[in-house]
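Everything on this sheet refers to the single structure shown next.
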2 protein chains.
Amino acid sequence: MQKASITDIAEMTGLSITTVSRVLSGKAKQYRIGKQSQEKVREAAKKLHYVPNHFAANLRTGKSSTLALIIPSLNNPFFAGIASEINTELRKFNYITIISDSDENVEIEKMELLQMTARNIEGLIIVPCGDQWEHIKEIQDQGIPVVCIDRYFEDLDIPYISTDNYEGAYKATQYLIGNGHSRITCIQGVQTSTPNRLRVKGFTDAMKEAGHEDINIVGDDFTFQNGYLETKLLLQQKQRPTAIFTLSNTIAMGCMKALKEENIHVPNDISLITFDDHPYLDYLSTTLSCIAQPVSDISKIAVKFLLSKIQNKDINTSQVLLKPSMKLRDSIRKIN
Amino acid sequence: MQKASITDIAEMTGLSITTVSRVLSGKAKQYRIGKQSQEKVREAAKKLHYVPNHFAANLRTGKSSTLALIIPSLNNPFFAGIASEINTELRKFNYITIISDSDENVEIEKMELLQMTARNIEGLIIVPCGDQWEHIKEIQDQGIPVVCIDRYFEDLDIPYISTDNYEGAYKATQYLIGNGHSRITCIQGVQTSTPNRLRVKGFTDAMKEAGHEDINIVGDDFTFQNGYLETKLLLQQKQRPTAIFTLSNTIAMGCMKALKEENIHVPNDISLITFDDHPYLDYLSTTLSCIAQPVSDISKIAVKFLLSKIQNKDINTSQVLLKPSMKLRDSIRKIN
DNA sequence: CAATCTTGTACAAACGTTTGTGCAAATTTT
DNA sequence: AAAATTTGCACAAACGTTTGTACAAGATTG
């Protein structure tokens with residue numbers, strides 16, 4: 001069974017290619033194609049198992065019905081969740097999503113982006129993995145709508161949707177302080193990323209306001225390894241912190257592994273809070289308190305932004321920060 | 001900056017479109033294009049920021065450099081892991097992957113498949129979500145290589161790569177039995193899926209061989225909810241099982257939630273083992289024993305299969321089962 | 001120096017759509 | 001019944017590539 005084309009249908013029905021195309025692309029009324037002809041075309045299409053060739057159509061129209069999503073890692077449940085949401089959301093609007101993970105590597109990110117522009121993507125949702133933005137800006141300058149989520153660039157006119165990272169970190173820190181903690185170590189992620197900067201700032205501000213001048217920030221990557229290593233190092237200090245604040249779920253996992261190896265109990269020996277929620281957090285040996293991001297909302301708004309930009313082409317960039325919520329579980333001990 | 005086409009390069013260099021195309025598609029030698037011309041073309045391409053239009057190329061060649069991956073849910077870390085592996089693996093071969101999740105819904109699966117064939121995919125890797133295979137077989141009959149992973153259809157000539165589910169379940173059950181358990185409840189997933197059937201069979205066989213005729217199998221879905229509900233029900237029985245065997249990580253999570261709500265401790269009150277591994281399992285209140293599937297190997301072999309099929313077109317279907325490994329943690333108590 | 005071979009390049013068709021335009025036939029209006 | 005309008009459809013160009021073929025100029029051979 002060879003692939004049937006519009007031409008085959010034209011032959012079968014005795015109508016012209018033009019007419020067939022118009023019926024099949026839903027422009028029958030617009031071009032006043034007769035009811036009977038419409039029927040014939042549709043029937044033949046069904047009979048021949050016609051599937052339109054998007055490549056040909058796109059070549060003609062320049063529209064690919066394809067959107068791109070680039071995230072740092074599908075293996076991170078936080079991003080996988082976003083990917084899933086966006087994927088199903090876009091499907092509703094008849095777009096196909098090509099997802100790709102940059103593996104937290106700017107070079108891969110650039111390569112992927114190139115690949116994707118070669119496929120005439122109509123829009124891009126990206127969680128940029130570094131502090132380089134030129135290649136992303138370039139896409140936007142080519143007239144392709146771009147939305148950053150989670151991580152973004154503050155002073156650029158690229159729209160973004162993210163969590164209010166400052167507030168999240170600020171409140172989490174306040175909460176720790178409220179429970180008597182003053183020696184708190186923050187294990188951060190990629191230093192140049194905006195969310196990380198804001199989280200660190202939130203942490204720092206809260207500490208300073210409480211009069212704690214000894215501010216401890218370590219780490220440099222949103223990875224399991226980073227969390228693991230930094231925690232290992234931490235634990236070798238003569239004076240250990242009473243609480244740890246990890247800036248991502250991956251860091252938290254690495255941290256927990258190290259704690260476990262050193263036989264340190266949460267929250268008795270040390271308190272722990274992290275950015276990012278995950279279902280598993282509820283079942284950990286100590287259920288883990290976290291600052292949860294509104295993943296679903298972020299995804300949906302991102303899609304809405306993108307689609308409206310694709311349709312209207314108005315370039316009023318919007319930048320949105322959603323409120324995080326703090327989920328308190330059992331990983332924080334009141335001391336003093 | 002408008003998109004530059006091959007024509008622009010032709011004009012800029014004074015060469016013909018043909019020549020430009022041949023240089024850019026790496027067929028310079030084959031068609032004996034002079035060194036100088038090659039240089040000129042490449043230079044101009046760089047200067048114009050030329051990005052080839054895949055749609056046009058594909059229209060001409062019929063090759064899309066696009067492969068499709070359909071999984072039941074990106075939110076399931078097990079599948080997200082597979083997606084990630086396959087994505088990065090395929091990128092190495094210059095293929096783009098379009099991923100989509102069927103949300104465990106056959107109708108969506110069919111729709112997606114249609115969308116994908118419209119995009120001239122060159123191959124398909126799928127974790128089928130139901131017991132319907134006609135639409136998948138049809139793809140293969142159209143000459144598009146297909147590989148099933150994880151879930152598959154036994155008596156069809158569609159190649160598959162999966163875990164030896166029977167053995168995994170058999171050994172896990174044996175292990176439970178070896179630890180003195182006889183009242184074991186198995187919470188299964190989608191009953192019609194092959195892995196589920198084989199896992200159930202492994203469970204049943206092991207039970208029977210041990211002389212335990214009272215075989216308890218409940219549930220009907222690879223979901224959190226199913227695990228939760230079935231566990232809730234289980235716990236209301238007068239005589240509770242001493243061990244639970246969940247057939248997926250999602251089911252396990254639901255199960256754990258129910259156990260926790262009822263204040264039942266693993267492994268003191270009840271033992272637990274599950275199919276599928278996950279990093280978090282190591283940090284749970286009780287670290288969870290599991291039958292781990294060789295995700296990475298499965299993904300890589302699937303890709304290898306697919307690519308060799310695309311290249312050779314030989315249709316000798318291969319069907320591979322990889323050995324699972326049992327990861328023993330602390331969730332199983334020796335009784336009696 | 002004619003015949004042959006090699007080298008380097010260009011022409012033009014084709015892939016499957018979409019769409020501006022044109023033009024009969026049917027219908028309505030005058 | 002002629003003129004004007006509406007209805008229904010087709011022609012042909014275009015999108016950006018790839019590729020079979022053709023062909024001129026230079027190099028090699030006899």
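Hydrogens, waters and symmetry mates play no part in the numbers below; they use all other heavy atoms, side chains included. Proteins get letters first, then strands, A, B, ... in listed order; numbering begins at 1 in each. All values reported here derive from a predicted model rather than from experimental measurement.
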Shortest non-hydrogen contact from Q132(B) toward F153(B)
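Looks like O-CZ, 3.5 Å.
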
Figure out the [atom1]/[atom2] separation between [X] and [N], and round it to whole Å.
X       : N       : atom1 : atom2 : result
K27(B)  : dT17(D) : NZ    : C1'   : 11 Å
K35(A)  : dG8(D)  : NZ    : P     : 10 Å
H54(B)  : dG16(C) : NE2   : P     : 19 Å
I33(B)  : dT6(C)  : CD1   : C1'   : 14 Å
Q38(A)  : dG8(D)  : CD    : P     : 10 Å
K29(A)  : dC9(D)  : NZ    : P     : 15 Å
N120(A) : dG16(D) : CG    : C1'   : 10 Å
E39(B)  : dG8(C)  : CD    : C1'   : 16 Å

Tabulated below should be each protein N or O lying under 3.5 Å from an N or O of nucleotides 13-15 of chain C; please produce it.
unit_1	atom_1	unit_2	atom_2	d
dC15(C)	O2	R60(B)	N	3.2

Taking T66(A) for the side chain and S64(A) for the main chain, is one N or O donor matched with an acceptor at less than 3.5 Å?
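Yes.
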
For nucleotides 20-27 of chain D, 5' to 3', base contacts (B), sugar-phosphate-only contacts (S) and non-contacts (-) with protein non-hydrogen atoms under 4.0 Å give BB------

Is E107(B) paired with K110(B) through a side-chain N to carboxylate O contact shorter than 4.0 Å?
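Yes, this pair counts.
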
R151(A) and E104(A) ion-paired at < 4.0 Å:
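Salt bridge: yes.
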
For atom CD of E134(B), is the number of surrounding heavy atoms from other residues, nucleotides or ligands below 6.0 Å larger than 12?
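Yes, the 6.0 Å shell around CD holds more than 12 heavy atoms from other groups.
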
Crowded around M12(B) CE? As in, over 12 foreign heavy atoms under 6.0 Å?
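Enclosed: over 12 neighbouring heavy atoms sit under 6.0 Å from CE of M12(B).
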
How are the rings of F55(A) and F55(B) set relative to one another: parallel (under 30°), tilted (30 to 60°) or perpendicular (over 60°)?
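Rings of F55(A) and F55(B): tilted, 30 to 60°.
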
Can you run down the side-chain hydrogen bond (donor to acceptor under 3.5 Å, both in side chains) pairs that involve residues 19-33 of chain A, sequence neighbours left out, and say none if there aren't any?
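Sorted result for residues 19-33 of chain A: S16(A)-T19(A).
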
Identify which nucleotide among dA10(D), dT17(C), dT17(D) has an atom closest to any side-chain atom of S5(B), counting heavy atoms from C-beta outward.
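The closest nucleotide is dT17(D).
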
Would you please confirm or rule out a distance under 4.0 Å between OP1 or OP2 of dC9(D) and any side-chain N or O of S37(A)?
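True: S37(A) side-chain N/O within range (under 4.0 Å) of dC9(D) OP1/OP2.
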
What's L15(A) touching, base or sugar-phosphate or nothing? Going by heavy atoms closer than 4.0 Å.
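Sugar-phosphate, backbone atoms only, no base.
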
Stepwise, does the side-chain contact (heavy atoms from CB on, under 4.5 Å) test hold for C129(A) with V106(A)?
CA-CA 6 Å; C129(A) 70; V106(A) 189; 4.1 Å; yes

